[in-house]
Amino acid sequence: ELLGNSAGRERYERSAALCLPHLRSAIAAAGREDETSVYLLHDWRRRLDAVREQLADVDRWRADPCSEAVRLYVGDR
């Protein structure tokens with residue numbers, strides 16, 4: 001019900017979202033074809049894509065020869 005309007009969706013998008021077990025429960029309760037389920041899956045995929053991009057940036061940074069010099073100086077944190 002909360003995600004049935006744009007204000008609720010905006011608030012949800014600013015939140016940390018649902019963990020995977022609660023996402024599964026919400027989709028099971030609403031039904032896979034329900035508009036809210038479709039929205040939740042779309043949002044979850046969008047968030048995963050953002051994390052994937054961040055991880056790719058970390059991989060690129062670690063592969064950079066200059067980053068090795070920085071890592072030796074400041075250490076891995």
Side-chain angles (χ1 to χ4, degrees):
E1 199 173 306
L2 171 68
L3 299 175
N5 61 58
S6 61
R9 288 182 179 193
E10 286 174 17
R11 199 150 97 202
Y12 177 78
E13 289 170 8
R14 289 191 305 268
S15 77
L18 296 173
C19 64
L20 185 55
H22 285 110
L23 177 68
R24 287 179 177 162
S25 294
I27 291 169
R32 289 185 58 83
E33 302 302 320
D34 182 77
E35 180 182 336
T36 299
S37 295
V38 171
Y39 167 78
L40 286 171
L41 285 171
H42 175 76
D43 181 71
W44 190 64
R45 287 181 187 124
R46 180 186 61 79
R47 291 175 192 250
L48 286 177
D49 286 342
V51 170
R52 187 179 302 121
E53 288 176 23
Q54 291 171 353
L55 290 172
D57 287 344
V58 169
D59 283 344
R60 279 190 293 278
W61 183 83
R62 289 191 179 271
D64 181 1
C66 292
S67 67
E68 182 62 24
V70 172
R71 193 170 29 255
L72 288 172
Y73 182 72
V74 298
D76 271 334
R77 294 183 184 173

Quiz prompt | Within 6.0 angstrom of Arg46 CZ, more than 12 heavy atoms from elsewhere | solution = yes
Quiz prompt | Within 6.0 angstrom of Glu13 CD, more than 12 heavy atoms from elsewhere | solution = yes
As an exercise, state the distance from [atom1] of [X] to [atom2] of [Y], rounded to the nearest 0.5 Å.
X: Leu48; Y: Leu55; atom1: CG; atom2: CG; answer: 10.5 Å
X: Leu41; Y: Arg32; atom1: CG; atom2: CZ; answer: 6.5 Å
X: Glu35; Y: Leu40; atom1: CD; atom2: CG; answer: 10.5 Å

Quiz item: Taking Trp44 as the fixed residue, which of Ile27, Leu18, Leu20, Asp49 is the one that meets the side chain to side chain contact (heavy atoms under 4.5 Å, CB included) rule?
Solution: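 Exactly one pass, corresponding to Leu20.
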Self-check item: Ring-face cation of Arg47 near Tyr12 (centre distance under 6.0 Å, axis angle within 45°)
Solution: yes
Quiz item: What's the shortest heavy-atom distance between Ala26 and Ser37, and which atoms?
Solution: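 That closest heavy-atom pairing would be O-OG, 4.4 Å.
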Self-check item: Donor-acceptor pair, side chain of Ser25 and main chain of Pro21, under 3.5 angstrom
Solution: yes
